[in-house]
Amino acid sequence: MMKNAAILILMLCPLIASATGAIDLEECYRSLDEAIAQSNSYVSQREDSISQLRSALQVTRDPAAQYDLCHRLYEQYKPYMNDSAIHYIDRCITLAEGLGDRGHVEECKIQLAWQCTESGMYHEAMDILDGMDESTISDARNLKQYHSTLAHLYSELGYYCKVPRLQQAYFARGDRYRQLIDTTVCSPDEALQIKEIACFGAGDAQGALRYSDMRLKQVEEGSHEFAIVAFYRYLDYQLSGDSVQARYWVTQSALSDVRNAVMDQGAMWELANLLMADGDMDRAYRYIHFAWQCASKFNTVKRNSQISPVLTAISDNYEASLKRANRQLLYLAIVASLLAALFLGILFYSNSQRKKLARARNELSASNTQLATLNAQLSDLNNQMRETNLKLNESNRVKDEYVGRFIHLCSFYIDRLDEMRKRVNKMVKSHDIDALLRFTGDSALRDTNLAELYDMFDSTFLHLFPNFVDDFNALLKPEARVKLPDPGTLNTDIRIFALIRLGIEDSSRIAEFLHYSVNTIYNYRAKIKNGALGDRDTFEAQVKAIDM
């Protein structure tokens with residue numbers, strides 16, 4: 001059900017995009033991420049098809065049937081595993097020679113040359129094609145494919161050649177062979193592809209896109225052929241300067257490749273390059289890493305040589321990011337020091353104010369003996385001031401304790417962050433990207449830090465309010481009282497009301513500290529208040545009055 005829905009969404013994406021005029025690239029990337037997560041199931045489907053064909057081949061003795069099965073295995077392996085594809089198409093040549101089928105011998109040799117070209121084995125492809133006599137190729141379709149393969153070979157040589165003069169010569173040869181292709185024996189898609197490539201080579205992006213639109217109508221959405229058409233559309237939009245459409249179509253090509261278990265991931269490599277240029281290093285790394293895994297299975301030098309520089313560039317960018325993170329860490333340490341100094345200043349000011357209040361209280365006490373007529377009013381005022389002083393003394397005691405603990409905690413985490421920086425720096429210097437990913441992706445460090453934070457909070461709070469748990473339970477019905485397995489550690493119920501006792505009453509702030517949702521905190525508070533001995537509406541006020 002979920003898989004069918006995902007395919008339906010993919011099929012509707014181009015229609016939605018054309019109807020609304022807007023493309024949500026993030027949604028396309030999410031679809032690609034989901035497909036990569038399920039890639040093992042797509043690979044299993046292809047492996048099942050291959051296994052069935054190989055089993056049938058083992059029991060088949062008829063050479064013609066063997067040829068048919070080997071050719072079907074070649075088609076399965078062609079985008080999946082280069083070595084096996086070459087093995088089975090070479091076996092097809094041997095079988096066709098044994099059958100005396102000259103047309104199939106020529107066809108398979110040309111297909112072998114095409115496979116060598118696709119995998120970067122240009123010298124081998126050249127030897128195969130040079131070994132064929134063009135004048136003796138009698139079948140028109142084979143001659144067309146012969147010219148098409150030569151055109152593809154020289155275009156590939158030109159694309160990857162770094163010598164300008166040779167590059168121009170290769171492209172010229174490719175165009176010459178492309179002009180020799182007899183389009184009358186081409187399939188409709190092949191004929192349109194030739195015209196699209198001709199427009200692209202001439203720099204006519206709009207003309208190329210017109211032919212691409214026609215090709216798009218002739219292929220099944222999500223098929224391997226669709227991936228090829230989508231990749232050519234990506235190149236056409238790149239030529240036209242439309243970066244959004246280019247990214248959309250190269251993503252659609254990569255998505256179709258993943259869902260068809262294609263290991264020759266050219267589109268994924270191109271997409272990773274684009275994302276790296278955009279600065280999206282995390283996603284670029286995930287995609288190029290997946291492309292690297294596919295290239296390892298496809299096993300060609302061509303893709304490996306393309307992917308290696310991208311991986312190196314991403315590694316260099318991670319190293320630069322680490323340096324930026326180190327600078328940010330230094331700035332954070334400075335800010336933490338300034339905050340600590342600010343807290344000390346506030347503490348000094350608070351003590352100064354307390355002394356002033358004490359002197360004011362003494363003066364008022366002396367004035368009370370002289371102002372008998374105002375004794376009743378002054379008595380009320382003194383009572384209020386005494387309550388204020390008690391709260392202030394309590395607040396200062398809590399502040400003194402927590403400021404000391406805060407300074408210690410800042411120092412502790414600065415040391416820990418420095419240890420982490422050294423460890424990450426060591427991994428980057430050794431280019432151990434896998435270890436770095438495991439280290440940064442592991443949530444155990446976060447869980448350990450939270451546990452240490454809660455332990456420090458519990459010990460500090462119980463040091464300040466040693467009788468809090470007993471007094472808290474005294475406010476509850478016997479069946480609702482909280483039992484702690486460890487007297488030195490608080491549970492979630494007690495921590496929530498411990499925070500309320502410290503003056504933190506907002507559920508969102510409590511949820512942020514305890515890493516729960518606001519609804520969960522609300523439910524905890526409601527559950528405890530429902531077990532109160534007295535009025536549940538005044539329960540939290542009674543908690544705040546504990547040890548006052």
> Can you check side-chain contact (heavy atoms from CB on, under 4.5 Å) on Arg501 and Leu464, steps first, answer last?
Replying inline: CA-CA 11 Å; Arg501 174 61 185 86; Leu464 292 169; over 6 Å; no
>> Set out, in order, the CA-CA distance, both residues' side-chain angles and the distance that settles ring pair (Phe, Tyr, Trp, His ring centres under 6.0 Å) for Phe290 and Tyr287, then state yes or no.
In response: CA-CA 5 Å; Phe290 180 78; Tyr287 290 168; 8.4 Å; no
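- For the atom pair Leu271 CG and Met276 CE, the distance stands at 11.5 Å (nearest 0.5 Å).
- A donor-acceptor pair under 3.5 Å is formed between the side chain of Ser517 and the backbone N or O of Thr520.
- Note: Phe497 and Phe472 have tilted aromatic rings, judged against thresholds of 30 and 60 degrees for the angle between ring planes.
- Although no hydrogens or angles enter the test, the distance criterion places no donor-acceptor pair under 3.5 Å between the side chain of Ser256 and the main chain of Ser253.
- In this structure, CG on Asn530 lies 4.5 Å from CZ on Arg536, to the nearest 0.5 angstrom.
- Within 6.0 Å of CZ on Arg509 lie no more than 12 heavy atoms contributed by other residues, nucleotides or ligands.
- In terms of modelled atom types and a separation under 3.5 Å, the side chain of Thr489 and the main chain of Asp486 share no donor-acceptor contact.
- Thr251 contributes a side-chain N or O that, together with a main-chain N or O of Arg247, makes up a donor-acceptor pair within less than 3.5 Å.
- Listed for the Ser31 side chain is a donor-acceptor partner under 3.5 Å among the backbone atoms of Glu27.
- With values rounded to the nearest 0.5 angstrom, Leu357 atom CG is found 6.5 Å from Gln353 atom CD.
- Between Arg359 and Asn362, the side chains place no donor N or O within less than 3.5 Å of an acceptor N or O (distance only, hydrogens not considered).
- Remark: side-chain polar atoms of Asn273 are paired, donor with acceptor, to backbone N or O of Trp269 under 3.5 angstrom.
- Judged as a ring-ring contact (aromatic ring centres under 6.0 Å, His included), and not counting sequence neighbours, Tyr80 has no contacts.
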> Where do Ile36 and Met268 land on the side-chain contact (heavy atoms from CB on, under 4.5 Å) test, with the steps shown first?
Replying inline: CA-CA 11 Å; Ile36 289 173; Met268 191 75 75; 4.0 Å; yes
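- Using a 4.0 Å cut-off between a side-chain N of Lys or Arg and a carboxylate O of Asp or Glu, Asp432 and Lys426 do not qualify as a salt bridge.
- For Arg525 against Asp506, the heavy-atom pair with the smallest separation is NH1-C, 4.3 Å.
- By the salt bridge (Lys or Arg N to Asp or Glu O under 4.0 Å) test, Asp471 is found to be paired with no residue, residues two or more places apart in sequence or in another chain being considered.
- Here the closest non-hydrogen pair linking Ala498 and Leu490 is CB-CD1, 4.4 Å.
- Checking Leu499, Ile494, Ile500 one by one against Ile496, the side-chain contact (heavy atoms from CB on, under 4.5 Å) holds for a single residue, Ile500.
- In this structure, Asn260 contributes its side chain and Gly222 its backbone to a donor-acceptor pair below 3.5 Å.
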> Can you list the steps and then say if Phe539 with Ile528 is a side-chain contact (heavy atoms from CB on, under 4.5 Å)?
Replying inline: CA-CA 9 Å; Phe539 178 78; Ile528 293 296; 3.7 Å; yes
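- Between Lys529 and Asp537, no side-chain nitrogen of the basic residue sits less than 4.0 Å from a carboxylate oxygen of the acidic one, so the salt-bridge criterion is not met.
- For the atom pair CZ (Arg30) and CG (Leu25), the distance works out to 10.5 Å, reported to the nearest 0.5 Å.
- Smallest separation of non-hydrogen atoms from Leu235 and Phe200: O-CE1, 3.4 Å.
- Between the Gln167 side chain and the Gly158 main chain, a donor and an acceptor come within less than 3.5 Å of each other.
- Taking the ring axis of Tyr454 as reference, the NZ or CZ atom of Arg495 stays within 45° of it and closer than 6.0 Å to the ring centre.
- Listed for the Asn467 side chain is no donor-acceptor partner under 3.5 Å among the backbone atoms of Asp470.
- One finds the CZ atom of Phe468 at 9.5 Å from the CG atom of Asn473 (value rounded to the nearest 0.5 Å).
- Of all heavy-atom pairs between Ser507 and Val518, the closest is CB-CG1, 4.1 Å.
- Ring geometry, Phe465 versus Phe461: the interplanar angle falls from 30° to 60°, so the pair is classed tilted.
- Between Asp278 and Arg283 there is no salt bridge, since none of the side-chain N atoms of the basic residue sits less than 4.0 Å from a carboxylate O of the acidic one.
- Across all their heavy atoms, Asp257 and Ala267 have their closest contact at OD2-CB, 4.2 Å.
- Remark: Cys28 SG to Trp249 CH2 distance equals 9.5 Å, nearest 0.5 Å.
- Glu512 CD: 12 or fewer foreign heavy atoms inside a 6.0 Å radius.
- For the residue pair Lys477 and Ala532, the shortest heavy atom distance occurs at CE-O, 3.4 Å.
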